[in-house]
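Inspection log for the structure reproduced underneath, given as structure tokens.
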Amino acid sequence: MSEITKSYEAREIEQKWYAAWQAAGVFAGKVEPGKEPYTIVIPPPNVTGVLTMGHVLNNTLQDVLIRRARLEGKSALWIPGTDHAGIATQTVVERQLRKEKKTRHDFGREKFIEKVWDWRHEKGGIILEQLRRLGASCDWDRTHFTMDEGYSRAVLGVFVDLFKKGFIYRGKRMVNWCPVSQTALSDEEVIMKPTKGFIYQVRYERTDAPGEYITVKTTRPETIPGDLAIAVHPEDPRYAGIIGKTVRRPLGPTAEIPIIADAAVDKEFGSGALKITPAHDKVDFEIGQRHGLPPIDVLNADGTLNELAGPELAGMERFAGRKRAAELLKESGALIEAEAYENNVGYSERADVPIEPRLTWQWWLKYPRVEEAKAAVRDGHIQFHPERWSKVYLHWLNNLQDWCISRQLWWGHRIPVWYRKGLDVEKLTEAELADPEKLHVSLEGPSDPENWVQEVDVLDTWASSWLWPFATLGWPDENAMKAAGFDQFYPTTTLVTGPDIIFFWVARMIMGGLEFPRPGEPLERRIPFKHVYFTGIIRDGQGRKMSKSLGNSPDPLDLIAKYGADGLRFGIISIAPQGQDIRFQEDRIEGGKNFCNKLWNACRFRQMSGPMGDNSSLPAIMARLKADQFDADDHAILDRLLATTREVDRCFAQFEFSAAVQALYGFFWNDFCDWYVEVSKAKLQDEATKENCLALQDLVLRQTLLLLHPFIPFITEELWQLLGYTGAGRFIEDSRLQNASQVATAGHDLGLVIDQAAAQSVEKLKAFVSLARTLKAERGLASRRDTRFLLKADDSQWEAVTINLAKITRLVGAEEIVRQDSVDGAPAVVTPLGTLALDLAANLDVGAEKERLAKELESLAKHIAGTEARLANKAFTDKAPPAVVEGAKKQLADQQAKRAELERLLQALS
RNA sequence: GGACCCUUAGCUCAGUUGGUUAGAGCGUUUCCUUGACAUGGAAAAGGUCACUGGUUCGAGUCCAGUAGGGUCCA
């Protein structure tokens, strides 16, 4: 056992223990039949990702849960991995190519994908290294990647399966098109943002009645060349007579377009007339369908206008085209007015540009197991923490739209569909899509590949991550599942994630879990996880979301360098209460570091205080205790230790991590260090009490280290070893953390019964010491160690003082405390253990003392009045529980006694 | 437009089923390098719990409404 140094050097110790844990296989999720499992799958970060504060919070919590599970003796498994992040990764590699003035098309699909793999092997997954720095105890041998071979087979197999079951279909529909990534997006990947622009009032001239016009309002004049009709509400009297007539399209290729009636038109908006551009608006598309209007698409995939928009606009970028369109309309006199306008525009989540509604062929998924997914959460098989998110979840499930799962990218799982050569894939009919001679769907592909062409699209990344909780356990390969311990570890126990991906990920995983790995079994065996803990979102000091573009996110690795991984972990958890967003405060991280330092030094004090006894196990320490020699402080610290253990147990059961950390902080700093260690200093001077005191410290420190270990693993491991709580080659997690009732039972069996009355009596000592210190401080004597105190006490009070005299004298910084019948004329306070005075009568500022006493009496009088009023209220004494009434009576008696004493002291000064 | 959340000390936040004089950290003021720790210790100042009404013997806590801030969905 080596000596504990003066300060804690985090970096060195973190590296040492992380390497040792890994070498010893401490993180390995072992298949141990009969043991209770505890499984977590990491929310796979993007393979392009770097560690953010959000990851720190999220992964620290997962690590806390998994380490606690190990301490509780469970078979714990935390599966790590990354997500191939289709658009993000492809964009990163394309950006690299652009530096060489090349695009992915210069390489072709296969070569480009090779390049992406090269990038992934070189630079991808940095974040997993960073998680190790944080202390994440994942089973790294089980690291998964959504593009790995086995995982890919699961993804494609699911596609084939769902296609065969009829959940997947191909359809030409309006999709959210991102002109930058040039792919379709799901509704969830579109973010609505209020956007400033203009609304244009444009008039369309009647062809049958020249000089007469219909006006419409539009924010998108550049799409007028794609207009196919003007629609009005069938019951709008303003237009009753002209339905079926025609108007002239005021921009683009000349055309006469009809005035049609459709109930979807909002009579109240603008003039009540709506221009119908089926290719560029979802509502327009539907109206167009009803009236048999084949859309005219005036945009290219990259968002530029095409020749159908007319020669003046063709080739222009869409926003430049909008400006130009407005100018052209103005020149021709069709533009009546352009006014500033703000409306909600959908933006591409990744590229952050407005999306285009675009009519394209895509693959769609009808969600399976929707009703079961609702029931699983509603009936509590899956519990959300905080519970309120289940409402958001259910609301989404109640308004489900089919999921567009195809993406026009190269990086991703290529859809396992083949078209018979010679088919025009842009014009497939329902019959052809259902004909295996024309459309082949399988994992292996057709046996005569020369006659087929594979689908070029890949799957949405989320269409692979929704299988994460079971595909990472080997599903669907039976041998792999066996090796991974699927039977033991599924369903997983807890998922820790952000509420921002409830729809993207959580809900879809639930449906996937219910559908795939255990068909036919009861719902509670099919759910992918039992608990979902939603973290808050980390914001900066001004409440803004942390983001790269704002540059307001500190680099977690810098914070680790500055405060240690444990300091960062402790700090971030302490500011992350359940269910609320978190304002980041670096000073709380500093507080985490300071706490580690405090812990370190308290252990150092223990080591310096006397020889180490047998600390090898809890019974060994308990055997060193002599309960019959316990004093009130010993009972009190054990009582607080037990209460803290109970509180931490409760916090884990209810996912209240910051409360657990605060309970531990308060216990250790205030109860143990500020009080027990201080009274120990007197007890250690006395051979009669020394041994018990040391053993008790060993007991408290042991339990504290175990309780703290999940939160601050490195420092607790180091101290665990230094204080001899384990043998060489073993770790803190080889020990078992007992819960509060187990600890109490173990103590009870050894005759260690906490004396509640004695524990309670320490409160009086604390009050006494605090009042004595204040008495000194108010007279500028705080630092004097040679003060003489006079105490007027009755026999029982004096007995309580004398038993604890050495400790108290030390704590208040007194030379001595002597009993005296009268302390009149001296500056005094009324304590629970008598009236305490400073032996200063000679040079007393009588005026100041009288003022102080008068002030105290004044505030006391208010409280007495309040208590009296309460007790005088018959309704209160009749209806309140007896214990509360008794408490009030007792309080009044104490207050009155104190008032009498204060009045007497004041009298004596006069 | 619908749903949810928030408003408590200078700042950031706790406050579980209603029950003594509402707590913590940071910050501020004063004092202290006393043998674990100055990354520390001691003491102090600082709050009409957003507002209005209701329920109750009793409301920061429950209910209704108002104002302000935020998030999600449409």
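Letters go in sequence order (proteins before strands), and every chain restarts at 1.
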Report which part of the nucleic acid [X] touches: base, sugar-phosphate, or nothing (heavy-atom distance under 4.0 Å, all strands).
| X | value |
| --- | --- |
| A/S770 | sugar-phosphate |
| A/C596 | nothing |
| A/D878 | nothing |
| A/K6 | sugar-phosphate |
| A/F672 | nothing |
| A/A888 | nothing |
| A/K391 | sugar-phosphate |
| A/P499 | nothing |
| A/R606 | nothing |

Is any N or O donor-acceptor pair between the side chain of A/E678 and the base of B/rA36 shorter than 3.5 Å?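 Per atom types, the contact qualifies.
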If I pick the [atom1] atom on [M] and the same atom on [N], what distance separates them, to the nearest angstrom?
| N | M | atom1 | value |
| --- | --- | --- | --- |
| B/rU21 | B/rC4 | C1' | 36 Å |
| B/rU56 | B/rG19 | C1' | 12 Å |
| B/rC62 | B/rG69 | P | 24 Å |
| B/rC63 | B/rU16 | P | 13 Å |
| B/rC57 | B/rC5 | C1' | 33 Å |
| B/rA9 | B/rG46 | C1' | 6 Å |

Could you tell me if the side chain of A/P386 sits less than 4.5 Å from the side chain of A/W389, heavy atoms only? yes
Could you tell me whether A/Y533 and A/F652 have their ring centroids closer than 6.0 angstrom? no
[N], OP1 or OP2 - any side-chain N/O from [X] closer than 4.0 Å?
| X | N | answer |
| --- | --- | --- |
| A/N594 | B/rG40 | yes |
| A/W669 | B/rG41 | yes |
| A/T774 | B/rA44 | yes |
| A/R870 | B/rC57 | no |

Starting at CZ of A/F667 and ending at C1' of B/rG23, how long is that distance when rounded to a whole Å? 19 Å
Considering every strand shown, what is the Watson-Crick or G-U wobble mate of [N] when both distances are under 3.5 Å?
| N | value |
| --- | --- |
| B/rG18 | none |
| B/rU12 | B/rA24 |
| B/rG40 | B/rC32 |
| B/rU61 | none |
| B/rA3 | B/rU71 |

State, without any angle test, whether A/K374 and A/N398 hold a side-chain donor-acceptor pair at a distance under 3.5 Å. yes
Is the aromatic ring centre of A/H863 closer than 5.5 Å to the centre of the six-membered base ring of B/rU21, with the two planes inclined by less than 30°?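 Yes, A/H863 stacks on the base of B/rU21.
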